[in-house]
Number of protein chains: 2
Amino acid sequence: MEKKLFITFLKERGLRFTKERTVILQKSLSFNGHFDPESLYHQIRKTGLKASRASVYRTLNLLCECGLIERVRKTDRGTIYESSFGHKHHDHMLCIRCGSIIEFYSEPLEKIQEKVCKKHGFLGANHTLEIRGYCKTCQKKKK
Amino acid sequence: MEKKLFITFLKERGLRFTKERTVILQKSLSFNGHFDPESLYHQIRKTGLKASRASVYRTLNLLCECGLIERVRKTDRGTIYESSFGHKHHDHMLCIRCGSIIEFYSEPLEKIQEKVCKKHGFLGANHTLEIRGYCKTCQKKKK
DNA sequence: CCATAATTGATAATGAGTCTCAATAACAAG
DNA sequence: CTTGTTATTGAGACTCATTATCAATTATGG
């Protein structure tokens with residue numbers, strides 16, 4: 001499924017579908033959420049599969065280009081990715097105390113963004129919204 | 001004004017208000033918008049003032065902590081800051097072709113975010129919204 | 001003016017990500 | 001299946017932003 005999409009993408013560009021790319025694609029999707037290149041790399045080694053760090057980085061870039069994964073955010077400790085296939089668009093709330101992440105989607109929010117873009121003559125392609133604050137649990141702890 | 005705020009912040013923490021920090025504060029504000037540490041550093045050298053790269057980075061962190069500036073986004077080429085004092089909150093549209101940035105503010109957008117937070121029991125402190133796409137000029141060029 | 005502790009700056013260190021390049025493997029054509 | 005062409009791989013060198021180190025310097029309260 002995603003594999004097909006990736007293969008098509010590669011062929012179109014005269015690129016090849018290799019063992020390493022298969023492994024990296026599968027592991028990326030297996031996270032079913034957020035992940036970072038280093039964790040992905042270790043996952044691969046742990047399961048006895050093989051792919052170098054360089055290939056991981058190279059392939060993640062390809063997967064981004066064909067839309068199978070997305071770069072969510074760059075942190076001090078590197079880039080965070082997320083598999084986006086079959087995953088509908090959503091935004092994030094990030095708890096600045098415990099680091100937990102809430103994914104949410106709001107139709108009105110999307111609509112208003114479209115309006116705002118139109119107002120500025122801007123053609124929006126995609127967006128990232130991150131709301132930082134305190135999750136339910138940490139609000140209690142703060143007191 | 002901003003200087004007072006910074007001095008107070010420093011005193012509270014037993015930190016000192018030095019020549020270097022003055023220079024870095026003033027230059028940071030002088031950009032009146034987005035800037036990056038490297039440009040700031042070169043601005044300082046160009047005008048014959050003195051402050052090392054190390055001090056620039058250290059001071060930018062302090063200025064962030066006391067809210068006088070904000071980290072807007074991390075790029076492949078480093079962090080982008082923005083002076084936030086006297087600057088009311090706004091979000092960004094980023095043209096992925098020419099790199100131009102449109103700042104905008106939308107009251108309804110803010111209100112809806114508050115609602116969404118409430119719905120998830122989340123206490124929002126601040127947020128970043130970046131809409132990527134094509135600015136008016138680049139839409140024309142694309143054709 | 002003095003003593004103390006924070007600050008500075010030159011430079012080394014760190015770490016994510018990219019580049020290099022010789023060896024290897026995918027794939028199309030015969 | 002075999003071969004030739006060309007993309008890919010991986011180990012390690014490299015880049016570049018940012019942070020840590022540490023001896024020398026300086027702000028600040030008394």
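Computed from a prediction, not measured in an experiment: that's the story for all the values here. In the text below, chain A, chain B and the rest are named by the order of the sequence lines, each starting its count at 1.
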With the criterion being N/O to N/O and under 3.5 Å, what pairs connect the protein with nucleotides 17-19 of chain D, and how long is each?
| residue | atom | partner | partner atom | Å |
| --- | --- | --- | --- | --- |
| D:dT18 | OP1 | B:Thr79 | N | 2.9 |
| D:dT18 | OP1 | B:Thr79 | OG1 | 2.6 |
| D:dT18 | OP2 | B:Tyr57 | OH | 2.7 |

Distance, rounded to the nearest Å, where A:Leu60 contributes CG and D:dT9 contributes P: 12 Å
For B:Cys135, give me all partners under side-chain contact (heavy atoms from CB on, under 4.5 Å), at least two apart in sequence or on another chain. A:Phe122, B:Cys95, B:Cys98, B:Ser100, B:Thr137, B:Cys138
Going by an N to O cut-off under 4.0 Å, is there a salt bridge joining A:Glu38 and A:Arg77? no
Work out how much the helix from C:dC1-D:dG30 to C:dG30-D:dC1 bends between its end axes, five pairs an end, to the nearest 10 degrees. 40°
Mind checking what makes side-chain hydrogen bond (donor to acceptor under 3.5 Å, both in side chains) contact with B:Thr128, not counting sequence neighbours? A:Arg132
Between D:dT8 (C1') and A:Ile7 (CD1): distance, integer Å: 16 Å
By ring-ring contact (aromatic ring centres under 6.0 Å, His included) - contacts of B:His42 (at least two apart): none
side-chain contact (heavy atoms from CB on, under 4.5 Å) partners of A:Ser84, counting only residues at least two apart: A:Glu70
For A:Arg45 and for A:Leu10, locate the closest nucleotide of DNA chain D by heavy-atom distance; then report the residue assigned to the nucleotide nearer the 5' terminus. A:Leu10
Only pairs under 3.5 Å count here: list side-chain donor-acceptor contacts from residues 1-11 of chain B, not counting sequence neighbours, and write none if there are none.
| residue | atom | partner | partner atom | Å |
| --- | --- | --- | --- | --- |
| B:Thr8 | OG1 | B:Lys4 | O | 2.9 |

Hey, are B:Arg71 and B:Tyr81 close enough side-chain-wise for a donor-acceptor pair under 3.5 Å? yes
Heavy atoms of chain A, cut-off under 4.0 Å: which first and last nucleotide of DNA chain C, 5' to 3', fall inside that, if you could look? C:dA16 to C:dC27
Will you find, in the side chains of B:Tyr41 and B:Gln43, an N or O donor that is under 3.5 Å from an N or O acceptor? no
When you compare the side chains of B:Glu82 and B:His87, does any donor N or O come within less than 3.5 Å of an acceptor on the partner? no
Residues passing the ring-ring contact (aromatic ring centres under 6.0 Å, His included) test with A:His92, sequence neighbours excluded, are A:His34, A:His90
Who are the side-chain contact (heavy atoms from CB on, under 4.5 Å) partners of B:Ala54, not counting sequence neighbours? B:Ser52, B:Arg58
Output one line per pair: protein atom, nucleotide atom from nucleotides 25-29 of chain D, and distance, for all N/O pairs under 3.5 Å.
| residue | atom | partner | partner atom | Å |
| --- | --- | --- | --- | --- |
| D:dA27 | OP1 | B:Lys19 | NZ | 2.6 |
| D:dA27 | N3 | B:Arg16 | NH1 | 3.1 |

State whether A:Glu65 and A:Arg13 are salt-bridged, where the test is any N-O pair (Lys NZ or Arg NE/NH1/NH2 against Asp/Glu carboxylate O) under 4.0 Å. yes
Residues which pass ring-ring contact (aromatic ring centres under 6.0 Å, His included) with B:Phe17, listed by chain and number, not counting sequence neighbours: none
Atom-to-atom span, CD1 of A:Ile44 to P of D:dT9 - whole angstrom: 11 Å
